[in-house]
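Quantities reported herein were computed from a predicted structural model and do not represent experimental measurements. Atoms considered below: every heavy atom in the structure, side chains included; atoms not considered: hydrogens, waters and symmetry mates. We count ligands from 1, going down the list as the structure has it; atoms in each ligand are counted the same way.
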Amino acid sequence: MRRVLTGIQPSGHITLGNYLGAIRPLLELQNEDDVELLVFIADLHAITVPQERAKLRSNIKELAALLLACGLDLNKSHLFIQSEVPCHNQLGWVMECNSYIGELERMTQFKDKKVKQVDGVSAGLLTYPPLMAADILLYDADLVPVGEDQKQHLEITRDLATRFNNKYGETFKVPEAYILKTGARIMSLADPSKKMSKSDSNPKGYISLLDDINVAKKKIKSAVTDSDNKIKFDKDNKPGLSNLITIYSALTNKELSDIENIYQDSTYQKFKEDLANIIGDFLTNIQDKYNYYISSDNMDLILNSGRDLAYHYASRKLQKVYHKIGLGRY
Ligand code: AMP
Ligand code: TRP
């Protein structure tokens with residue numbers, strides 16, 4: 001049995017980028033035999049930057065309903081909230097004590113996020129990767145589906161696991177990142193040199209899974225492209241159009257070259273109209289299911305059972321770790 005695990009922060013409406021980078025590979029793995037999926041809402045990670053209480057609460061609930069709406073199969077997948085399983089903080093501390101400040105300061109995400117914090121940089125922003133390592137190592141995850149931007153955090157997780165195993169004896173499984181070739185880095189629709197991000201101040205840059213369908217379609221139609229008007233995948237010279245072709249390919253499972261062929265005699269306008277409709281259908285389907293889950297009592301039952309199972313696995317691993325280090329009495 002292979003174990004697949006991923007976390008997503010409840011730090012705003014989740015985007016098409018999150019879906020294509022992290023949720024789609026998860027759903028792909030869910031279809032395979034002999035897998036167990038653990039999916040969690042990384043609320044402890046979200047508070048590394050300031051969060052407003054009421055907003056955080058509603059984002060957690062919204063994300064839980066959205067993950068279910070995207071198609072988590074509860075026969076194979078367990079959904080829980082990170083802060084409800086305290087073993088994450090506990091192993092997180094152990095991982096922090098086995099990390100070096102220098103290696104944490106070198107993380108690209110830390111460097112990027114640090115400059116945006118006008119009211120001071122929290123220590124948690126720096127120690128975020130050892131907590132993420134704990135999230136993964138607690139469960140002996142084999143595969144971690146993530147977008148391209150998390151690759152470096154997966155590498156440090158592997159380093160920390162290996163470092164701990166060398167120091168204290170075989171304890172953790174060394175996990176692999178699972179990053180898809182298409183869709184692992186969806187770019188902003190307004191500025192294709194930037195990643196599509198839910199914290200973008202310009203809402204035209206991203207499509208939220210909960211965007212009004214017509215608004216989402218308009219965002220595609222007004223996406224920044226170029227004036228060449230030839231549908232050709234060329235990341236360097238046509239970054240905006242190539243990003244749209246990537247989205248098209250990921251949502252329809254068509255090869256990039258097939259899409260070029262279909263549209264070889266078409267205009268950008270026709271291509272964008274078709275993509276807008278594909279996105280419209282995709283969002284309608286997810287939003288219908290979202291509306292069901294967000295108002296259903298089932299959600300609490302699902303999150304309780306996810307929490308209990310996660311605690312069962314995590315507490316056993318944590319006990320082993322404490323024992324190996326010599327913490328406490330047992
Ligand atoms: P976050 O929103 O930072 O919690 O990211 C959740 C997951 O979505 C992570 O696996 C990210 O790598 C992935 N992700 C975020 N933004 C994008 C994007 N623009 N393209 C592809 N994957 C993304
Ligand atoms: N750091 C991830 C992000 O910002 C979220 C995350 C936290 C995560 N813990 C994880 C992802 C463990 C995969 C596995 O996107």
Exercise for the section: Work out whether the distance between some heavy atom of Asp149 and some atom of ligand 1 is less than 4.0 Å. Expected result: yes

Handout entry: Flag side-chain contact, heavy atom, 4.5 Å: Tyr290 against Leu283
Key = no

Exercise for the section: Could you tell me whether the side chain of Met132 reaches within less than 4.5 Å of the side chain of His45, counting heavy atoms only? Expected result: yes

Handout entry: Heavy atom of the protein closest to atom 7 (C) of ligand 1 (residue, atom name, distance)
Key = Ala22 CB, 3.5 Å

Practice task
Could you check Leu37, Leu67, Leu63 and say which one makes a side chain to side chain contact (heavy atoms under 4.5 Å, CB included) with Leu79?
Solution key: Leu67

Handout entry: Glu96 side chain to Thr127 backbone, donor-acceptor under 3.5 Å
Key = no

Exercise for the section: Could you tell me how the ring of Tyr139 sits relative to the ring of Tyr313: parallel (under 30°), tilted (30 to 60°) or perpendicular (over 60°)? Expected result: perpendicular

Exercise for the section: Provide, to 0.1 Å, the distance between atom 9 (N) of ligand 2 and the closest protein heavy atom, together with that atom's residue and name. Expected result: Asp135 OD2, 2.6 Å

Exercise for the section: Tell me which protein heavy atom sits closest to atom 3 (O) of ligand 1, plus the residue, atom name and distance to 0.1 Å. Expected result: Gln9 NE2, 4.1 Å

Practice task
Would you check whether Met187 has a nitrogen or oxygen atom less than 3.5 angstrom from a nitrogen or oxygen atom of ligand 1?
Solution key: no

Problem - Subset of ligand 1 atoms that lie under 4.0 Å from at least one heavy atom of Met196 - result: 16 (N), 18 (C), 19 (N)

Exercise for the section: Give a yes/no verdict on a cation-pi contact between Arg163 and Tyr100, requiring under 6.0 Å between NZ or CZ and the six-membered ring centre and an angle within 45° of the axis. Expected result: no

Practice task
Go through ligand 1 atom by atom and flag the ones less than 4.0 Å from a non-hydrogen atom of Lys198.
Solution key: 1 (P), 2 (O), 4 (O)

Practice task
May I ask you to say whether Lys317 pairs ionically with Asp140, meaning some side-chain N is under 4.0 Å from a carboxylate O?
Solution key: yes

Practice task
Report the part of Gln9 (side chain from C-beta onward, or backbone N, CA, C, O) that has a heavy atom under 4.0 Å from ligand 2; answer both or neither where that applies.
Solution key: side chain

Handout entry: Candidate pair Asp211 and Tyr206, rule side chain to side chain donor-acceptor pair (under 3.5 Å), full reasoning
Key = CA-CA 10 Å; Asp211 267 350; Tyr206 61 87; over 6 Å; no

Practice task
Name the option, out of Gly147, Ala184, Ser199, Ala250, that contains the heavy atom nearest to atom 10 (O) of ligand 1.
Solution key: Gly147

Problem - Under-4.0 Å salt bridge between Asp149 and Arg185 - result: no

Practice task
For atom 15 (O) of ligand 2, find the nearest protein heavy atom and state the residue, atom name and distance (0.1 Å precision).
Solution key: Gln150 NE2, 3.3 Å

Practice task
Please indicate whether any nitrogen or oxygen in His153 is less than 3.5 Å from any nitrogen or oxygen in ligand 2.
Solution key: no

Fill in the blank from the handout: Paired with Tyr19, the side chain to side chain contact (heavy atoms under 4.5 Å, CB included) test is passed by just one of Ile14, Ile8, Ile286, namely Ile286

Problem - Atom indices of ligand 1, in the order listed, that fall short of 4.0 Å to a heavy atom of Val146 - result: 10 (O)

Fill in the blank from the handout: Looking only at protein heavy atoms, what sits closest to atom 1 (N) of ligand 2 is Tyr128 OH, 2.6 Å

Problem - Min N/O separation Gln109 to ligand 2 under 3.5 Å - result: no

Practice task
Determine yes or no for a side-chain-to-main-chain donor-acceptor pair under 3.5 angstrom, with Thr246 supplying the side chain and Gly183 the backbone.
Solution key: no

Handout entry: Nearest neighbour in protein (non-hydrogen) for atom 20 (N) of ligand 1
Key = Ile186 N, 2.8 Å

Problem - Side chain, backbone, both or neither: the part of Asp149 lying under 4.0 Å from ligand 2 by heavy atom - result: neither

Problem - Residue portion contacting ligand 2 (non-hydrogen atoms closer than 4.0 Å) for Val144 - result: side chain

Problem - Numbered atoms of ligand 1 (with element) below 4.0 Å of Gly183, judged on heavy atoms - result: 21 (C)

Exercise for the section: Take Lys204 and Leu189, measure what side chain to side chain contact (heavy atoms under 4.5 Å, CB included) needs, and give me the verdict at the end. Expected result: CA-CA 7 Å; Lys204 282 192 172 158; Leu189 301 175; over 6 Å; no

Practice task
Heavy-atom contacts with Phe40 under 4.0 Å: which atoms of ligand 2 show up? List them by number with element.
Solution key: 9 (N), 10 (C), 12 (C)

Exercise for the section: Measure the distance from atom 11 (C) of ligand 2 to every protein heavy atom, then report the residue, atom name and distance (to 0.1 Å) of the closest one. Expected result: Gly7 O, 3.2 Å

Fill in the blank from the handout: of all protein heavy atoms, closest to atom 23 (C) of ligand 1 is Gly17 O, 3.4 Å

Handout entry: Distance from atom 8 (O) of ligand 1 to nearest protein heavy atom, with residue and atom
Key = Asn18 ND2, 3.0 Å

Fill in the blank from the handout: If we number the atoms of ligand 2 from 1 as shown, the ones under 4.0 Å from a heavy atom of Ile136 are 12 (C), 14 (C)

Exercise for the section: Would you mind reporting whether Leu20 and Leu251 have side-chain heavy atoms less than 4.5 Å apart? Expected result: yes

Exercise for the section: Could you say whether the N/O atoms of Thr6 and ligand 2 ever approach to under 3.5 Å? Expected result: no

Completion exercise
Residues passing the side-chain hydrogen bond (donor to acceptor under 3.5 Å, both in side chains) test with Tyr263, sequence neighbours excluded, are Tyr248, Asp274

